[in-house]
Trainee: 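One structure, as C-alpha cells, below. Some questions next.
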Number of protein chains: 2
Amino acid sequence: MALIGVDWGSSNLRAYRFGPDGAVVDRRESHRGAARLKRPEFAGVLAETLEDWIEADTLVILAGMVGARAGWHEAAYLPCPANPEDLAGAALRVEDAPVRCYIVPGLSARSANGVANVMRGEETQILGSHIADGTIVLPGTHSKWAQVEGGRITGFTTVMTGEMYALLRNQSLLGQLAEGDATDEGAFALGAQRALDDPAGALPLLFSARAEVLLGSLSPQSVASYLSGLLIGGEVAALRERARDGVMLICSAELAALYRVVLALAGVADVRVLDGADAVAQGLWRIGGLLK
Amino acid sequence: MALIGVDWGSSNLRAYRFGPDGAVVDRRESHRGAARLKRPEFAGVLAETLEDWIEADTLVILAGMVGARAGWHEAAYLPCPANPEDLAGAALRVEDAPVRCYIVPGLSARSANGVANVMRGEETQILGSHIADGTIVLPGTHSKWAQVEGGRITGFTTVMTGEMYALLRNQSLLGQLAEGDATDEGAFALGAQRALDDPAGALPLLFSARAEVLLGSLSPQSVASYLSGLLIGGEVAALRERARDGVMLICSAELAALYRVVLALAGVADVRVLDGADAVAQGLWRIGGLLK
C-alpha cells in the first residue's frame, strides 16, 4: 500500500510521498492552506496537489488545521494522555476525498488546576520524534511544551510567544520605537537573561523595550531582538522546571538557534533539535502505518 | 498668585483652576491631547482652553505627555529617587506660553538588575496622594507600581496590562473567538485566581482563553472578562510582594473595582483608592506651590 502524508495547516499545505520503508521520496507544497479554503474546495485541492501520486491502493493521512471546526471536517480534540494507537484509532475517515483518507485529531489537555490547552498538528510532530520519555518543545506562534511518558503524550502547555512578538513588534507602543528586525545577538541575550533572572518572568519587563530606547540605552534597531529575547526568555523561565533533564526542540533551524541560546542561559545542557518538516513527515508515516 | 494645573496627556487635556486653599474651583476638558497637536499649536490651544481664567499673576503647571519628546517641549526624565522639590526644581519653563508656565518632568528608574522604566504624568498623581511611605498602583494602559519612601518616589515598575488586553482582545487569535465585552464576574475571578495560583504567572495561561472556548468550557461572551482576569491577575501576581503592607490605587472607580477583586484574592487587605483626576489635581497644586 502506498502512503502519502499531508501537513495541512492554516496557511500552507505540505505533502510527503513515502517509499515502502518510510523514506520521503517526493514532496510538494502549496499556499492553499486550510484557512484559505471553503469546505467544498478541499477535495479538489487535494486531488490537484497529489495528482499522479495517487494509485489504486493509496492511503492519505492529513494532519493540522484541516481537521479544525473551520477546516474540511472537524476531527474532535482527543484528550491526553494519548499514544499513536489512540490517535490512529480516533482518526476521522474523510468520505468525500478522492482517495482513502483520514484526518489525525488534535489533542486537548487540562493542567492539574484545570487550565485548558489544545494542539492540532503538533501531536503528529511529537510522535514523529520517536521520543518515548521527555519534554518536547515546539517553538512558534503558539509554542507547545509537551510531556511524553512511556510513548504517550501526557500533557502540554502553550505559550503565545510568536504571536505576542508579532503583536508587540507591529501593533504596540513598544513597536513604535523599533526600527527594523535586524538581529542583535547582544540585545537578544540581554532580554533573555533579564527574563530568566526575574522571578516574576517577562510580563513586568516588556515595557523596558520602550523605556530603554527613551533613555538612550537601547538603539531602535535593537528593540526587535531585545523583545524577542524577553519573550523567549519568559517562555523558558516559565517552564524551565520541565527542561531540567533536557529537551527536544522541533522547529526550523532559525528558531532552534534562538532557543538554544536561551536554554543554555537557563542551564539546560541537553538540547536536541529535530526539523519541523522531518518531524511531521515521520509522524504521518507512523500514524499511517497503524491505519493500513 | 492664581494657580492653574493642566493634565495634558496624549489624548486629552484636563485643566484645573485652584482656589487659594488648593480646592479645584473650576475644571475644563478637551480632546486636544498632546499626541494630536503639532508643536506650534500648543500655545494657542492652552490660551483658548484657559481663556478668561488667565490673570496677570497666573502660574500654569503642565504635566503628562505634553513634556515628551514629541510634545510641546521635552522635559527630560528625572531619575529616581525624586521628591516634590526635585520635580519642581527640574520643571521646564515654557518660554512661548501665553502665561508663566512650567512642565513637570517625567521620572525614570532602574531596577537592581538595570531594567529601565519611565513614567510621565503618574509622578504628579503619586505626589497628589500625599503618601509618605508605601506602594502606589496606577492601573491602566501601562500600569505603574511605585514605591514611596520618606516622601520620595524611590522606584517603580511598569506592566503593560491595559495595552496587552487591547492587543489580545482586538488583534489576536484569542480575540477571534471572543464575542462582546460584557462583564462576567465569575470568568474574571477564574482568570485572576489562575494567574495568582500559577508560579509562572499569566504568560503560559493566556492561550487558555482560546482553548477553553474550543473545548466548550468558556462561552465566547466570557472571553473578555476571563482575559482581563488573567492579565490583572498576572500583574498582581508578579508584584504582590510589594503589596504585602497594602496599596493605594490611583485610577477610575471602574478599574479600582477590578483591582480590588484581584488584590483581595491575593490576600492584600489594606487597599485604598484615590480617583485619578483628584490625584493629578492635588499633585499639580503641590508642585505649583513650590514654584510660586
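By convention in this document, chain letters (A, B, ...) are assigned in the order of the sequence lines, proteins followed by strands, and residues within each chain are numbered from 1.
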Trainee: If you count the non-hydrogen atoms of other residues, nucleotides and ligands that lie under 6.0 Å from CD in B:E179, is the total more than 12?
Mentor: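 Yes - once you tally the heavy atoms of other residues, nucleotides and ligands closer than 6.0 Å, there are more than 12.
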Trainee: In terms of heavy-atom pairs under 4.5 Å, which option from B:T141, B:T157, B:T161, B:L203 contacts chain A the most?
Mentor: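 The residue among B:T141, B:T157, B:T161, B:L203 with the greatest pair count is B:L203.
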Trainee: Counting heavy atoms not belonging to A:Q221, are there more than 12 under 6.0 Å from its CD?
Mentor: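 Enclosed.
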Trainee: Indicate yes or no for a side-chain donor-acceptor contact from B:R210 to the backbone of A:V118 under 3.5 Å, with no hydrogens or angles considered.
Mentor: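 Here the side-chain-to-backbone pair does not exist.
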Trainee: For chain A, which candidate among B:L214, B:L206, B:N113 shows the most heavy-atom pairs at distances under 4.5 Å?
Mentor: B:L214
Trainee: Between B:S208 and A:A116, which heavy-atom pair has the shortest distance, and what is it?
Mentor: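 Where B:S208 meets A:A116 most closely, the heavy atoms are CB-O, 3.5 Å.
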Trainee: So which of A:S143, A:A237, A:A166, A:G114 has the largest heavy-atom pair count under 4.5 angstrom toward chain B?
Mentor: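 Ranked by heavy-atom pairs under 4.5 Å with chain B, first place is A:G114.
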Trainee: Please classify the contact of A:M164 with chain B as side chain, backbone, both or neither, using a heavy-atom distance under 4.5 Å.
Mentor: side chain
Trainee: Can you see which heavy atom on A:F207 is nearest to which on B:H142, and at what distance?
Mentor: CE1-ND1, 3.3 Å
Trainee: If I measure from the heavy atoms of chain B, does A:L173 come under 4.5 Å with its side chain, its backbone, both, or neither?
Mentor: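 When you check distances to chain B, atoms from both the backbone and side chain of A:L173 fall under 4.5 Å.
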Trainee: Where on A:R240 is there a heavy atom nearer than 4.5 Å to chain B: the side chain, the backbone, both, or neither?
Mentor: neither
Trainee: Is there side-chain contact between B:E241 and A:P199, with at least one heavy-atom pair below 4.5 Å?
Mentor: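 The answer is no; the side chains never approach within 4.5 Å.
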Trainee: Name the option with the most non-hydrogen atom pairs under 4.5 Å to chain B; the candidates are A:M160, A:R69, A:M119.
Mentor: A:M160
Trainee: Picking from A:S172, A:G201, A:G234, which has the most non-hydrogen pairs under 4.5 angstrom with chain B?
Mentor: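 Result: the option with the highest number of such pairs is A:S172.
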Trainee: List the atom of B:Q171, the atom of A:L167, and the distance in Å for their closest heavy-atom pair.
Mentor: CB-CD2, 3.6 Å
Trainee: Taking the side chain as everything from C-beta on, heavy atoms only, tell me whether B:L174 gets closer than 4.5 Å to A:E163.
Mentor: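 A side-chain contact under 4.5 Å is absent here.
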